[in-house]
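Here is the structure we will look at.
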There are 2 protein chains.
Amino acid sequence: MTTRLIHPAKLDEAVKIAKLLGNKTRIQILYLLEQQQFNVTELQEILHVEQSSLSHQLKELRDYQLISQQRVGKSVYYQLTDPHILATMDAILAHTDHVLQGRAHDGQPVDVDQEI
Amino acid sequence: MTTRLIHPAKLDEAVKIAKLLGNKTRIQILYLLEQQQFNVTELQEILHVEQSSLSHQLKELRDYQLISQQRVGKSVYYQLTDPHILATMDAILAHTDHVLQGRAHDGQPVDVDQEI
DNA sequence: AATTCATATGATTTCTTTTTCATATTACCA
DNA sequence: TGGTAATATGAAAAAGAAATCATATGAATT
């Protein structure tokens with residue numbers, strides 16, 4: 001019987017993506033930018049993350065080319081570069097639903113999104 | 001315009017899953033167990049990971065109920081508990097392909113899997 | 001041109017994850 | 001029953017990621 005492993009280069013890449021998504025702030029940023037573009041101040045207010053910290057996170061997403069910047073006067077707007085990542089995020093969120101459903105023993109439906 | 005955020009509980013869960021997949025050994029374990037069950041020694045040999053280290057990784061996957069154990073004599077066999085995770089993994093691997101294709105400038109097709 | 005607002009960056013500190021080491025547990029075998 | 005093979009576990013060490021702090025940059029405003 002022949003056993004397959006994930007090819008090393010592919011594996012590295014997969015781990016990188018998963019790590020990027022393995023952070024609250026970064027997931028929320030992607031989730032927000034899916035809806036529209038935001039500048040850094042707006043993201044800061046929505047996410048309650050400190051300026052520098054947010055900036056560092058944005059850099060990670062930029063470095064991986066998931067988002068891109070565009071300067072408008074004093075502010076910098078961010079948008080999704082690679083909508084393909086949304087499919088991956090959706091898969092994770094779908095799994096999340098699956099898990100939350102499965103573990104919700106009180107029969108209450110799980111509230112999925114939150115308006116702000 | 002109304003902006004949506006991911007609900008906190010869901011977000012936490014999503015981050016957990018993503019983190020679990022954000023590790024070479026753990027992804028490979030899931031990829032292997034998708035194919036068949038393996039005991040710890042077999043996994044060790046295939047993955048070249050030290051016994052204790054592997055055992056700790058298996059525990060994480062167990063704790064999150066992605067895999068389960070079954071003792072057979074002296075050895076312990078592991079299997080996937082929640083095949084739903086495979087959809088998530090596939091999405092990540094698909095994104096990986098997308099990225100590797102995009103960055104492959106030499107026109108060479110990217111070798112995806114590896115037999116062992 | 002000096003000041004202020006928005007954002008970025010590098011270095012340091014703090015927190016988290018992973019590995020390693022030593023030891024425990026459980027089953028099999030002589 | 002004592003020994004050994006397979007796996008698990010807790011604690012400590014090492015490696016990695018995130019937050020914080022101080023400062024830099026770049027555009028607007030006075």
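All values derive from a computational prediction rather than experimental measurement. Just so it is clear: chains get the letters A, B, ... in the order the sequence lines come, proteins before strands, and each one is counted from 1. Keep in mind that the numbers below use all heavy atoms, side chains included, and drop hydrogens, waters and symmetry copies.
- For A:Asp12, the salt bridge (Lys or Arg N to Asp or Glu O under 4.0 Å) criterion is met by B:Lys24, not counting sequence neighbours.
- Across all strands, A:Gln51 comes closer than 4.0 Å to base atoms (heavy-atom distances).
- Looking only at side-chain heavy atoms (C-beta outward), B:Leu21 and B:Leu30 come within less than 4.5 Å of each other.
- Contact annotation: the side chain of B:Gln57 approaches that of B:Asn23 to within less than 4.5 Å [non-hydrogen atoms, C-beta and beyond].
- Taking every nucleotide of DNA chain D with any atom under 4.0 Å from a non-hydrogen atom of chain B, the first and last of them, 5' to 3', are D:dA5 to D:dA11.
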Q: Start with the C-alpha gap between B:Glu13 and B:Tyr64, add the side-chain angles, then the distance that decides, and say whether side chain to side chain donor-acceptor pair (under 3.5 Å) holds.
A: CA-CA 10 Å; B:Glu13 211 51 40; B:Tyr64 198 72; 2.6 Å; yes
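- Looking at heavy-atom distances under 4.0 Å, A:Ser55 makes contact with a base.
- With sequence neighbours left out, the side-chain hydrogen bond (donor to acceptor under 3.5 Å, both in side chains) criterion links A:Thr81 to A:Ser68.
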Q. Just by protein heavy atoms under 4.0 Å, how would nucleotides 25-30 of chain C read 5' to 3' in B, S and -?
A. -BBS--
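- The main-chain N or O of B:Arg4 is found under 3.5 Å from a side-chain atom of A:Gln35 such that the two form a donor-acceptor pair.
- A side chain to side chain contact (heavy atoms under 4.5 Å, CB included) with A:Leu66 holds for exactly one of A:Leu61, A:Leu86, A:Leu80; it is A:Leu61.
- With sequence neighbours left out, A:Ala14 forms a side chain to side chain contact (heavy atoms under 4.5 Å, CB included) with B:Ile27, B:Ile92, B:Leu93, B:Thr96.
- Near DNA chain D, meaning a heavy atom under 4.0 Å away, the residues from residues 36-43 of chain B are B:Asn39, B:Val40, B:Thr41.
- Residue A:Tyr77 is out of contact with every strand shown, counting any heavy-atom pair closer than 4.0 Å.
- In this structure B:His56 satisfies the ring-ring contact (aromatic ring centres under 6.0 Å, His included) test with no other residue, sequence neighbours excluded.
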**Q.** Under 4.0 Å protein heavy-atom contacts per nucleotide of nucleotides 14-19 of chain C, with B for base, S for backbone only and - for none
**A.** ---SSS
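- Looking at residues two or more places apart in sequence or on another chain, you find no salt bridge (Lys or Arg N to Asp or Glu O under 4.0 Å) involving A:Glu50.
- With sequence neighbours excluded, the residues satisfying side-chain hydrogen bond (donor to acceptor under 3.5 Å, both in side chains) with A:Tyr78 are A:Arg62, A:Gln69.
- Applying the side-chain hydrogen bond (donor to acceptor under 3.5 Å, both in side chains) criterion to B:Arg71, with sequence neighbours excluded, gives no partner residue.
- With hydrogens and angles ignored, a donor-acceptor pair under 3.5 angstrom links the side chain of B:Ser52 to the base of C:dC21.
- With sequence neighbours excluded, no residue satisfies salt bridge (Lys or Arg N to Asp or Glu O under 4.0 Å) with A:Glu34.
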